[in-house]
Amino acid sequence: MDNGKKAGEMMLRVILELFRIITIIFVIGMIMGLIIHSIYAIFGITVENTLGGWIVGMAIFPILYVLYKNRLQFSGFYKNGKQVKLSNRTTTILLFFSVLMLTVAPLFR
């Protein structure tokens, strides 16, 4: 009976963490998109409704992944001893490709 209660509690924590991840993607992703599009607007660049807009959207995902894996996963509902940060090399590579995509996005408008 006790194992069933623990399994149910663990399942609830997993569901809550998945909801948290989806919320993080939408809220922080939208804020980041707004900031990036505002920076482009300062330079007179518009990427909305173009391939460049899609590239900007895709550049946000690795940034969110790094943010979650290196910071946010440790403050969530689901606690597990196997949670580890990304290596410095992986973090650098992901952020480099995100910045690269943000840099070339205006060329695809």
Apply the test side-chain contact (heavy atoms from CB on, under 4.5 Å) to residues Val47 and Trp54: give CA-CA distance (whole Å), side-chain angles for both, the deciding distance (0.1 Å), then the verdict.
CA-CA 9 Å; Val47 293; Trp54 282 95; over 6 Å; no

Quick one: do Met101 and Val56 satisfy side-chain contact (heavy atoms from CB on, under 4.5 Å)? Show the steps, please.
CA-CA 7 Å; Met101 285 190 283; Val56 168; over 6 Å; no

Check the pair Arg20, Tyr68 against side-chain contact (heavy atoms from CB on, under 4.5 Å), reporting the backbone distance first and the verdict last.
CA-CA 11 Å; Arg20 181 174 173 261; Tyr68 182 79; 3.8 Å; yes

After noting the C-alpha distance and the side-chain angles of Ile60 and Ile25, does the key distance pass the side-chain contact (heavy atoms from CB on, under 4.5 Å) rule?
CA-CA 9 Å; Ile60 290 173; Ile25 289 171; over 6 Å; no

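The backbone N or O of Arg13 lies less than 3.5 Å from no partner atom in the side chain of Glu17, so there is not a single donor-acceptor pair. With hydrogens and angles ignored, the 3.5 Å screen pairs a side-chain donor or acceptor of Thr50 with a backbone N or O of Gly52. Side-chain N or O atoms of Thr90 include none that pairs as donor or acceptor with a backbone N or O of Leu86 at under 3.5 Å.
Placement of Ile24 and Phe19 in two distinct hydrophobic clusters is found when ILVMFWY residues are connected by side-chain heavy-atom separations under 4.5 Å, directly or transitively. Placement of Val84 and Leu67 in two distinct hydrophobic clusters is found when ILVMFWY residues are connected by side-chain heavy-atom separations under 4.5 Å, directly or transitively. A continuous path of hydrophobic side-chain contacts links Ile63 to Met58 [ILVMFWY only; heavy atoms under 4.5 Å]. Cluster annotation: Ile31 is connected to Tyr40 through the hydrophobic network of ILVMFWY side chains, with a link wherever side-chain heavy atoms come within less than 4.5 Å. A continuous path of ILVMFWY side-chain contacts below 4.5 Å connects Ile45 to Ile39, so both sit in one hydrophobic cluster.
Salt-bridge check for Lys6 with Glu9: failed, with every basic side-chain N at 4.0 Å or more from each acidic carboxylate O.
Between Lys85 and Gln73, the closest heavy-atom pair is N-NE2, 4.2 Å. Closest of all the heavy-atom pairs between Met32 and Leu64 is SD-CD2, 3.8 Å. The minimum heavy-atom distance linking Ala59 with Ser98 is given by the pair O-OG, 3.0 Å.
Sparse packing is recorded around OH of Tyr65, with 12 or fewer heavy atoms of other residues, nucleotides or ligands lying under 6.0 Å away.
Separation of atoms OG (Ser87) and CD1 (Ile93) is listed at 7.5 Å; rounding is to 0.5 Å.
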